[in-house]
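Reading through the structure tokens given below for one structure.
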Amino acid sequence: MDLQPLLVEKVKDAVKQMYDVEVPSVEFQPTRKDFEGDITVVIFPMLRYVKGNPVEIGSKIGDYLQEHVEEISRYNVVKGFLNLVVSDVFYLNFFNNIKNEENYGFAETNSKASVMVEYSSPNTNKPLHLGHIRNNLLGYSVAEILKASGHKVYKTQIVNDRGIHICKSMLAWQRFGNGETPKSSGMKSDHLVGKYYVAFDKAYKAEIAQLKSEGKEKKEAEKTAPILLEAQAMLRQWEAGDEEVVKLWKMMNGWVYAGFDTTYKNLGVDFDKLYYESDTYLLGKDVVEDGLKKGVFFRKEDGSIWIDLSDEGLDEKIVLRADGTAVYMTQDIGTAIQRVTDFPDINGMVYTVGNEQDYHFKVLFLILKKLGYTWAEQLYHLSYGMVDLPSGKMKSREGTVVDADDLIQNMDKTAEEISKAQGKLEGYSKDEKKKLYRTIGLAALKYYILKVDPKKRILFNPEESVDFQGNTGPFIQYTYARIQSILRKADFDISTTREMTFDLHAKEKELLKQIQVFPETLQLAAENHSPALIANYTYDLAKEFNSFYQQVPVLPEVDQQKKQFRVQLSKKVGEVIQAAFKLLGIDVPERM
RNA sequence: GGUCGCGUAGCUCAGCUGGAUAGAGCAUCUGCCUUCUAAGCAGACGGUCGAAGGUUCGAAUCCUUCCGCGAUCACCA
């Protein structure tokens with residue numbers, strides 16, 4: 001079915017027969033749209049082995065291929081490029097083979113090693129915001145892509161449910177909350193907790209200002225503000241297991257989880273396993289002791305334990321404090337090992353974490369390798385750029401964030417406005433419409449974020465960022481809906497197989513070529529951990545279909561053979577769009 | 001200062017394991033709904049690919065230097 005390996009052989013044969021030399025490899029590329037052809041052989045690299053004029057060599061190889069490979073029907077040579085025209089029969093056969101394949105493009109599960117994908121991992125002191133959305137969408141999508149490419153995948157998150165930031169919200173609630181609950185306030189429960197996080201910061205700033213006016217240095221004031229000291233005391237009480245504090249902690253965390261659940265559900269992401277930092281923050285210490293014995297780490301005079309990474313071009317890095325308490329790195333070492341204990345079949349992990357932690361993960365992976373874990377070779381930091389606003393960075397403390405829930409709601413509203421203006425939804429019930437607006441709004445948001453390279457920063461302008469036209473989620477959904485409309489109106493059994501003896505329209509051929517590269521695009525996306533490749537692929541496919549749709553009649557076609565084929569082709573395009581969008585976590589509507 | 005990432009059309013982005021005249025969308029302008037959904041299609045306009053060197057038959061892509069933006073270099077997470 002794949003033509004390329006055959007062509008490699010035949011090109012080699014041709015060169016050997018005519019010039020009596022062996023070329024080690026043959027370079028191909030898809031033929032550019034401006035030229036006639038489907039596959040192009042690049043002649044230039046052969047000039048090292050074959051002396052002569054590239055055009056002449058190309059023509060000779062072309063003659064040979066035309067004669068010896070039945071799939072090649074014509075060729076032309078431009079400069080050093082041999083453009084080959086692949087026969088319609090080849091593409092029609094290809095289509096016949098895959099048209100009824102249900103999971104076309106997807107690899108068999110378990111054909112590759114298992115991977116754990118971590119994403120989201122929020123703090124439990126405030127609601128999720130746009131930055132989390134990027135994280136969630138990326139992590140979820142990469143997990144889906146890995147699954148489709150044959151890996152077994154475990155989705156996980158580590159909930160950062162302890163620490164000083166949590167105590168800040170707790171303390172502020174205690175002090176200013178007057179017993180306010182999600183019920184009594186009517187607020188979404190995670191937003192209520194976030195409100196007190198902001199309240200803490202406000203009170204803290206006020207105290208700093210007060211101290212400064214009393215003549216204290218700024219740094220001194222920041223360190224000694226009473227409310228901060230109290231929060232720190234609360235953290236110590238929590239660690240000591242103080243009943244009162246733990247009770248408050250459980251209650252407020254419960255509120256946050258309830259809120260997160262809603263947001264996750266709205267976003268359409270999920271997890272197979274949750275880890276809580278309150279359970280894992282002590283992990284890793286014994287590993288450090290172990291590594292110390294093995295000589296991976298060393299102890300400084302004050303008793304703290306370090307690793308020397310200067311051979312790798314990095315610094316020394318602390319892994320355990322002098323008083324024996326853990327640092328972030330200690331926990332991460334311990335957690336990684338814990339995961340492999342819990343899921344012994346995993347042979348790799350993906351960490352979806354912002355690029356400000358590039359250095360941390362470089363060090364973490366190095367340490368795990370040095371400790372001798374085989375799976376440490378298969379760790380990947382899915383690093384992504386920040387989401388900035390026109391006004392600058394988002395800061396939860398100061399309340400300058402684009403809230404996740406608000407954003408999703410805004411997308412719904414925009415989708416509703418546009419849909420109403422289009423007026424194509426007669427016959428839909430109120431609930432159906434509402435669901436559809438959500439589907440479209442989310443598609444716009446998700447596609448907008450996933451189509452760009454994760455490494456790049458995103459500048460998000462809430463006023464005008466998310467589009468519904470052009471290279472967007474709704475555009476692709478619209479293409480899908482159009483196809484479904486054709487399928488609904490096709491008043492004959494489209495599954496019957498007919499002889500296909502006609503010539504392909506150029507647009508049909510383009511569509512088949514695009515369908516053909518879906519499996520390799522998926523594999524590439526998996527290797528590169530890149531949903532953007534899937535997004536761009538799907539866009540190209542949709543664009544190609546719309547062009548076809550415009551120029552080639554499907555249902556009005558009188559030739560029954562062609563009509564049958566075009567309906568089947570449209571159906572397949574729809575299926576691929578649906579499958580690809582599923583990898584991005586985006587649903588497709590029957591109508592819109 | 002060291003390290004890492006980014007810099008492509010007015011804006012948002014593809015292309016980056018080297019290949020033909022650097023591609024899309026938005027915006028601006030022209031056409032196309034008495035054939036299947038105009039959230040569409042067809043076209044016009046728009047570029048010294050941050051700059052300069054180098055490697056190569058060939059560089060947006062690889063190497064070097066420089067410039068700009070960001071992150072990081074905490075016994076914070």
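None of the values given here were measured: they were computed from a predicted structure. Computed from heavy atoms alone, side chains included, the values below leave out hydrogens, waters and symmetry copies.
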Figure out the NE2/P separation between His360(A) and A74(B), and round it to whole Å. 14 Å

In terms of relative ring orientation, are His360(A) and Tyr328(A) parallel, tilted or perpendicular, with 30° and 60° separating the classes? parallel

Is C33(B) in the syn range, within 90° of 0, or in the anti range? syn

Pairing partner of G1(B), by Watson-Crick or G-U wobble and under 3.5 Å for both distances, is C73(B)

Summary of protein contacts for nucleotides 18-24 of chain B, nucleotide by nucleotide, where a base hit scores B, a sugar-phosphate-only hit scores S (4.0 Å, heavy atoms): -BBS-SS

Arg236(A) vs Glu239(A), test: salt bridge (Lys or Arg N to Asp or Glu O under 4.0 Å). Steps then yes/no. CA-CA 5 Å; Arg236(A) 283 192 294 273; Glu239(A) 291 193 358; over 6 Å; no

Find the partner of G40(B): check Watson-Crick (N1-N3 plus N6-O4 or O6-N4) and G-U wobble (N1-O2, O6-N3) distances, both under 3.5 Å, and reply none if neither fits. C32(B)

Which one is paired to C62(B), where only Watson-Crick or G-U wobble pairs with both distances under 3.5 angstrom count? G54(B)

For a quick check of understanding: with a heavy-atom distance under 4.0 Å over all strands, which category does Lys489(A) fall into, base, sugar-phosphate or nothing? sugar-phosphate

Need to verify one output field. Residue with the more 5' nearest nucleotide on RNA chain B, Pro474(A) or Leu533(A)? Leu533(A)

NA contact type, Gln484(A), heavy-atom cut-off 4.0 Å: base, sugar-phosphate, or nothing? nothing

Letter by letter from the 5' end, nucleotides 1-9 of chain B scores (B base, S sugar-phosphate only, - none; protein heavy atoms under 4.0 Å) ----SSS--

Under a 3.5 Å distance rule, please check whether Arg591(A) uses its side chain to pair with a backbone N or O of Leu436(A) as donor and acceptor. no

On the 0 to 90° scale, with breaks at 30° and 60°, tag the His529(A)-Tyr380(A) ring pair as parallel, tilted or perpendicular. parallel

For the student: nearest non-hydrogen atoms of Leu229(A) and Thr224(A), plus distance: CD1-O, 3.6 Å

is_close_aromatic(Phe475(A), Tyr447(A)), centroid dist under 6.0 Å: no

With a 3.5 Å cut-off and just heavy-atom distances, do the side chain of Thr479(A) and the base of A39(B) make a donor-acceptor pair? no

Hey, can you tell me if Phe460(A) and Tyr448(A) have their rings parallel, tilted or perpendicular (30° and 60° cut-offs)? perpendicular

G70(B) P sits how many Å from Asp388(A) CG, rounded? 10 Å

By the 4.0 Å heavy-atom rule, please label Val554(A) as base, sugar-phosphate, or nothing. base

By the Watson-Crick or G-U definition, both distances under 3.5 Å, A14(B) is matched with none

So, are Lys420(A) and Glu416(A) salt-bridged, with charged N and O less than 4.0 Å apart? yes

Paired to C45(B) by Watson-Crick or G-U wobble criteria (both distances under 3.5 Å) is none

Expressed in whole Å, how much space separates the P atoms belonging to A24(B) and G15(B)? 15 Å

If you pin Tyr328(A) and Lys424(A) to their nearest nucleotides in RNA chain B, which one's is more 5'? Lys424(A)

For G46(B) and C11(B), measure between their C1' atoms and round to the nearest Å. 12 Å

Rounded distance (Å) that lies between atom P of C36(B) and atom OH of Tyr478(A): 11 Å

Just checking Asn536(A): base, sugar-phosphate only, or nothing, at a heavy-atom cut-off of under 4.0 Å? sugar-phosphate

If the P atom of U61(B) is compared with that of G53(B), how far apart are they to the nearest Å? 14 Å

Across the strands shown, which category fits Leu47(A) at heavy-atom distances under 4.0 angstrom: base, sugar-phosphate, nothing? nothing

Using a 4.0 Å heavy-atom cut-off across all strands, classify Met592(A) as base, sugar-phosphate, or nothing. base

Taking OP1 and OP2 of C76(B), is either one under 4.0 Å from a side-chain nitrogen or oxygen of Arg321(A)? yes

Looking only at side-chain N and O atoms, does Ser547(A) come under 4.0 Å of OP1 or OP2 in A42(B)? yes

